[in-house]
Asker: 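Please see the structure below; I have some questions.
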Amino acid sequence: MKKIVVTIAVFVIAAVLGCVGGYTARKQTAEKQIGSAEEEARRIVDDAREKSQAEKKAAVLEAKEEIHQMRQELDKDTKERRNELSRQERRVVQKEENLDRKMDSLEKKEVMLSKKETRLNESQARLDEMQAREDAELERIAALSREEARTILMNEVEEELKRDKAVKIKEYEAQIKDEADKKARDIISMAIQRSAADHVAETTVTVVNLPSDDMKGRIIGREGRNIRTLEMLTGIDLIIDDTPEAVLLSGFDSVRREVARVALERLISDGRIHPARIEEMVEKAQREVESRMKENGEQATFKVGVHGIHPELVKLLGRLKYRTSYGQNVLNHSIEVATLAGIMASELGVDVNLAKRAGLLHDIGKAVDHEVEGPHVTIGADLAKRYRENKNVVNAIAAHHGDVEPLTVEAVLVAAADAVSAARPGARRESLEMYLKRLKMLEDIAESFEGVERCFAIQAGREVRVMVKPDKVDDLEAVTLAHEIVKKIEKDLDYPGQVKATIIRETRVVDYAK
């Protein structure tokens, strides 16, 4: 038992010693591991510290580089901003200077305007005062107050409006009557047509033959611009109807009608028909007709045997070929008077050349009587005196209608020859002359208004076309002008039917490419 206890004790002691030894060994091993771990930890810490120091230095360098770059960019941006601010400051300074100058100029203008306004106010005050004095003086002279004068004027306007209303009513009544009496008017028109004298058509109408009816459309032009241009430039009315291959030129002025005929025939021959070409051809035709008139005058002097007449008088003689007196051609009449006066002078034994010369020139005033005021006798005597004709020729011209006393036998013979030539059967027709005079008076009435450039009576006196100056007559004034012309025609002229006044206001702008 004792051995078991000893054994157990020994075993317990061995176990305790084993445990103590194992513990000590493990403790030493652990201490060694802890020492090596601490050493490794210190090494790791040192490595980390060295690495962090390097990274820190790199980060510091990188940060410094970035800060340096940002500082450069900031300096550059600051410099640009400073430059921009400097430029803006300069512009602001310039604008301020400009504004100062403008303000100075405006102040000066304001001072000038103030002075002008003061002067205008003073002038207006003076004008008001003068107007008041004039109104008072007019009221004193007329023995009417302003209100009374206004009342009278309004009454006159009211009367005129009543008259216009009555005229309109009359026109409507006439229109209704015309429609009701259509059959009667047709009969009357046929009777007038059958009884119309041939010499009227011969003296107022010219026929131009066409190569084909297609030419009529080209003469009319697009929207009628060609025919309007030709009528406006010549003052002649073109009648394009169903007559095959023919166009009628209607107008009381033979010279205008001849110019229109020559121009139209040239246009037809040329084939190019447009407004610019028409204007060119009309100018050429005018020059050609003037040349023909000179030739006609020279032929008349050769035919009669009178020489040494001034060239201007010869040209005026040729113009008489396109002038009629009571339906009688004036140039033929002058040649006839010169021949009759020469024959009578030869029979009486007086100066034949003087009688012929005075007979040929006795109606020379009719060549320009539509341009110069006064009777053709006085105009002709003045022309002969101007171009240094013999005083006896001047006296014969002035005395051939008995306006002055004849100083020579030749003057008496010229007056007798004029009467013989005019009195022979069929020489003259009173109705045609009155018709032409009426057309001339119609043109004179229209030309008497301010702003009228030229005018033409067309459609046998049923219409007067008035070309006005566009810089003096505007569109509204054209309406008033047409009304005034119509009123003056109604007042001063006797005419059948009605007369239409057409105002044409045209502005042309011409330039040349060189």
Side-chain angles (χ1 to χ4, degrees), residues 201 204-289 439 442-443 446 451-479 481-482 485 498-514:
T204 59
V205 175
T206 300
V207 179
V208 177
N209 294 321
L210 303 178
S212 66
D213 284 339
D214 295 338
M215 187 61 68
K216 292 182 179 180
R218 299 179 62 185
I219 293 173
I220 295 173
R222 182 182 301 173
E223 298 178 356
R225 62 177 185 175
N226 291 342
I227 190 171
R228 283 199 306 271
T229 302
L230 189 57
E231 289 179 344
M232 184 185 69
L233 293 174
T234 60
I236 295 301
D237 190 24
L238 270 72
I239 302 174
I240 301 179
D241 52 17
D242 296 334
T243 306
E245 298 181 356
V247 172
L248 297 181
L249 306 179
S250 177
F252 73 96
D253 191 319
S254 302
V255 177
R256 294 180 196 163
R257 202 167 63 249
E258 181 66 13
V259 169
R261 183 190 67 80
V262 173
L264 184 57
E265 288 182 350
R266 284 189 173 185
L267 288 168
I268 293 170
S269 175
D270 182 67
R272 293 174 293 172
I273 304 178
H274 52 82
R277 187 65 175 170
I278 291 171
E279 191 168 351
E280 179 183 352
M281 287 301 183
V282 169
E283 291 179 359
K284 289 183 178 180
Q286 288 173 343
R287 291 194 296 267
E288 181 177 337
V289 171
L439 298 187
L442 192 61
E443 291 186 350
V452 175
E453 184 175 7
R454 53 181 175 172
C455 63
F456 303 108
I458 62 175
Q459 296 288 352
R462 292 189 295 273
E463 179 181 357
V464 56
R465 289 186 182 172
V466 183
M467 269 66 78
V468 298
K469 300 175 182 177
D471 56 337
K472 293 187 177 181
V473 179
D474 58 22
D475 291 338
L476 292 178
E477 290 175 346
V479 177
L481 179 62
I485 290 175
Q498 62 182 12
V499 177
K500 179 173 74 173
T502 303
I503 308 298
I504 299 175
R505 180 176 179 269
E506 180 184 40
T507 302
R508 289 191 181 187
V509 179
V510 180
D511 203 352
Y512 297 93
K514 299 180 180 178

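Since we're looking at a predicted model, the values are computed, not measured. Basis for what follows: all heavy atoms, side chains included, without hydrogens, waters or symmetry-related copies.
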Asker: Is the side chain of Ser269 donor-acceptor paired with the backbone N or O of Glu265 at a distance under 3.5 Å, no angle test?
Answerer: no

Asker: Nearest 0.5 Å, what's the CD-NZ distance between Glu506 and Lys469?
Answerer: 15.5 Å

Asker: Could you pull out all residues at least two apart from Arg505 that satisfy side chain to side chain donor-acceptor pair (under 3.5 Å)?
Answerer: Asp475

Asker: CG of Leu233 to CD of Glu280: how many Å apart, nearest 0.5 Å?
Answerer: 12.5 Å

Asker: Working to the nearest 0.5 Å, report the span between CZ of Arg465 and CD1 of Ile504.
Answerer: 6.0 Å

Asker: Could you check whether any side-chain N or O of Glu477 sits under 3.5 Å from a backbone N or O of Asp474, counting only pairs where one atom can act as donor and the other as acceptor?
Answerer: yes

Asker: Please report the shortest heavy-atom distance between Gly235 and Arg256, naming the atom on each side.
Answerer: O-NH1, 4.3 Å

Asker: Working to the nearest 0.5 angstrom, can you tell me the gap between Leu442 CG and Glu463 CD?
Answerer: 10.0 Å

Asker: Can you see which heavy atom on Val259 is nearest to which on Val282, and at what distance?
Answerer: CG1-O, 4.0 Å

Asker: Under the criterion side-chain contact (heavy atoms from CB on, under 4.5 Å), which of Ile227, Leu267, Thr229, Leu264 is the partner of Ile273?
Answerer: Leu267

Asker: Looking at every non-hydrogen atom in both residues, tell me the closest pair between Val452 and Ala446 and how far apart they are.
Answerer: CG2-O, 3.4 Å

Asker: For a 4.5 angstrom cut-off between non-hydrogen side-chain atoms, does Phe456 reach Met467?
Answerer: yes

Asker: Rounded to the nearest 0.5 Å, what separation is found between the CD1 atom of Ile278 and the CE atom of Met232?
Answerer: 10.0 Å

Asker: Just verifying a value: how many Å separate Arg277 CZ and Arg272 CZ, rounded to the nearest 0.5 Å?
Answerer: 4.0 Å

Asker: Thinking salt bridges, do Arg228 and Glu231 make one under a 4.0 Å N-O criterion?
Answerer: no

Asker: Would Ile485 and Ile503 satisfy side chain to side chain contact (heavy atoms under 4.5 Å, CB included), going step by step from the backbone distance to the final call?
Answerer: CA-CA 10 Å; Ile485 290 175; Ile503 308 298; 4.0 Å; yes

